[in-house]
Amino acid sequence: MTGTNRLPQIALGNGGPAIGIQGLGCMGMSEFYGDTDETESLATLKLALELGVTMFDTADVYGMGENERFLAPFVQANRDRVVIATKFGYARTPERQDDWSLDNRPEFIRQAAENSLQRLGIELIDLYYMHRRSTDVPLAESIGAMADLVAEGKVRALGLSAVSAEDLREAHAVHPIAALQSEWSIFTRDIETDIVPAAVDLGVTVVPYSPLGRGMLTGQAFAENLSAGDARSYFPRFSAENRAANMRLVAKIEEIAAGQGVTSAQVAVAWLYAKARELGAALSPIPGTRSRKRLQENVAAASLTLDQAVIAELEPLAQEVAGIAI
Ligand SMILES: NC(=O)c1ccc[n+]([C@@H]2O[C@H](COP(=O)([O-])OP(=O)(O)OC[C@H]3O[C@@H](n4cnc5c(N)ncnc54)[C@H](OP(=O)(O)O)[C@@H]3O)[C@@H](O)[C@H]2O)c1
């Protein structure tokens, strides 16, 4: 498949702002996935907007504020076209880099939002996610604090990340939730059982994160080239033992992709749209990339249709993956 059409747009949640049916994950531009090239990352952001990607995904914890700071000039320069999504929830700071504890207290949420607004240099966060739920605080209390930010005009829409269907329903009863962000890919399919159906029921947009399995689904070449400082070296699915088993599964995806004349990354992205259609979900996956070439490839996959025989071949793979997703 060659060429890229401008992406179709959908409403975020129930009647929210228009977003492209694919967003861009910006995390790797600042942390976790090895060396980054800011010039190419910025060029990728600009091209994304031209291609109809409008939702840009970050979090205060990515680079401990660095990712938001990096995005700030781009967001400001394109304020009326960009839907900026950020997240709160981790206590981690530059002074406490290893502190991955969660904080969902109202006062923490308020301060986190102020910090994100300041780093981004904007007046309003378009989509504000609870990154992870902490059971130390009643959910309704945290959602209430998030709803206050909406009432004050500091946040436009609310999102939740990696919550259960029950939590999604409970939160939605306190304040409409526009987006549910969770890991969803050919290799990680837990949310299909009851979380996606709950989102469909409530009119919540589903935003799959790590749709390329943190890069693993893109193929052999990718997995062989992890640099020493890459956080994925510590993830269970990338451990030496599990990686070998998982790459045998990826080889099947590469084979399917070759048969379709596309790349395995494109099969992974197109598979999500096929599943979303099957489940009736409004979808905007956020593949992460720092390269214009890969961005074009991922965007092009939004208009690729996989036939049922291909879907059936991919169906058993998730059951065979070695190592948990984190
Ligand atoms: N809510 C959460 O808890 C959570 C957790 C994780 C991630 N996220 C969000 O989701 C976004 C995406 O997830 P992710 O970055 O973890 O994983 P991903 O999108 O599954 O994979 C990203 C990796 O794939 C590579 N890649 C992208 N497109 C490619 C292509 N066409 N061909 C070959 N390689 C390709 C990227 O490399 P290059 O960058 O070098 O192109 C990067 O190494 C993140 O950026 C972040 O915003 C959220």
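Counting starts at 1 for both ligands and their atoms, following the listed order. Every heavy atom of this structure was used, including side-chain atoms; hydrogens, water molecules and symmetry mates were not.
E68 and T86 form a side-chain donor-acceptor contact under 3.5 Å, judged by distance and modelled atom types alone. At a cut-off of 3.5 Å, with distance as the only test, no side-chain donor of K154 or Y128 sits close to an acceptor on the other residue. Counting only N and O atoms by type, the side chains of S116 and D60 include no donor and acceptor under 3.5 Å apart. At a cut-off of 3.5 Å, with distance as the only test, no side-chain donor of E320 or N246 sits close to an acceptor on the other residue. Between the side chains of R96 and S101, no donor-acceptor pair is found at a separation under 3.5 Å. Of the N and O atoms on the side chains of R132 and S161, at least one donor lies less than 3.5 Å from an acceptor on the other residue.
Any N or O atom pair closer than 3.5 Å counts here, and G215 shares at least one such pair with ligand 1. In terms of N/O distances under 3.5 Å, ligand 1 is not approached by T58. Between P287 and ligand 1, no pair of N/O atoms sits closer than 3.5 Å. At a 3.5 angstrom cut-off on N or O pairs, R132 counts as close to ligand 1.
G288 O, 3.3 Å is the protein heavy atom nearest to atom 22 (C) of ligand 1. The closest protein non-hydrogen atom to atom 7 (C) of ligand 1 is Y209 CD1, 3.7 Å. Of the protein's non-hydrogen atoms, the one nearest atom 41 (O) of ligand 1 is T289 OG1, 2.6 Å. Closest to atom 12 (C) of ligand 1, if we only count protein heavy atoms, is I286 O, 3.0 Å. Protein heavy atom at the shortest distance from atom 16 (O) of ligand 1 is Y33 OH, 2.6 Å. When only non-hydrogen protein atoms are considered, atom 44 (C) of ligand 1 lies nearest to M27 CB, 3.7 Å. The single protein non-hydrogen atom nearest to atom 13 (O) of ligand 1 is S210 N, 3.1 Å, given as residue, atom name and distance. The protein non-hydrogen atom at the shortest distance from atom 20 (O) of ligand 1 is L212 N, 2.7 Å.
Every atom of ligand 1 is numbered from 1 in the order shown, and the set under 4.0 Å from a heavy atom of P211 is 19 (O), 20 (O). Atom numbering of ligand 1 starts at 1 in the shown order; those under 4.0 Å from a heavy atom of S161 are 1 (N), 2 (C), 3 (O). Contact atoms of ligand 1 toward G213: 20 (O) (distance under 4.0 Å to a heavy atom of the residue). The distance from ligand 1 to the heavy atoms of A265 drops below 4.0 Å at these ligand atoms: 30 (C), 31 (N), 32 (N).
In terms of heavy atoms, N104 sits closest to V137 at O-CG1, 3.6 Å.
Within the 3.5 Å criterion, the main-chain N or O of D37 finds no donor-acceptor partner in the side chain of R290.
In this comparison of N67, V299, D57, the heavy atom closest to atom 9 (C) of ligand 1 sits on D57. Across the listed options R232, Q181, R214, E31, R232 owns the non-hydrogen atom lying nearest to atom 43 (O) of ligand 1. Among I326, V61, V207, N298, the residue whose heavy atom sits closest to atom 31 (N) of ligand 1 is N298. Among Q296, Q266, R294, the residue whose heavy atom sits closest to atom 30 (C) of ligand 1 is R294.
Taking 4.0 Å as the cut-off, E183 does not count as a neighbour of ligand 1 on heavy-atom distance. Using a 4.0 Å heavy-atom cutoff, A162 is absent from the residues neighbouring ligand 1. At least one heavy atom of Y62 sits closer than 4.0 Å to an atom of ligand 1.
A salt bridge between R69 and E66 is present, with a side-chain N of the basic residue lying under 4.0 Å from a carboxylate O of the acidic one. For the pair R79 and D126, the salt-bridge criterion is met [side-chain N within less than 4.0 Å of a carboxylate O].
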- Task: Please report the C-alpha distance between L117 and I122 in whole Å, then the side-chain angles of each, then the deciding distance to 0.1 Å, and finally whether the side-chain contact (heavy atoms from CB on, under 4.5 Å) criterion is met.
- Result: CA-CA 6 Å; L117 284 167; I122 55 176; 4.1 Å; yes

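Between F88 and H131, the ring centre distance reaches or exceeds 6.0 Å.
Partner R189 forms a salt bridge (Lys or Arg N to Asp or Glu O under 4.0 Å) with one of E278, E183, E315 and no other, that one being E315.
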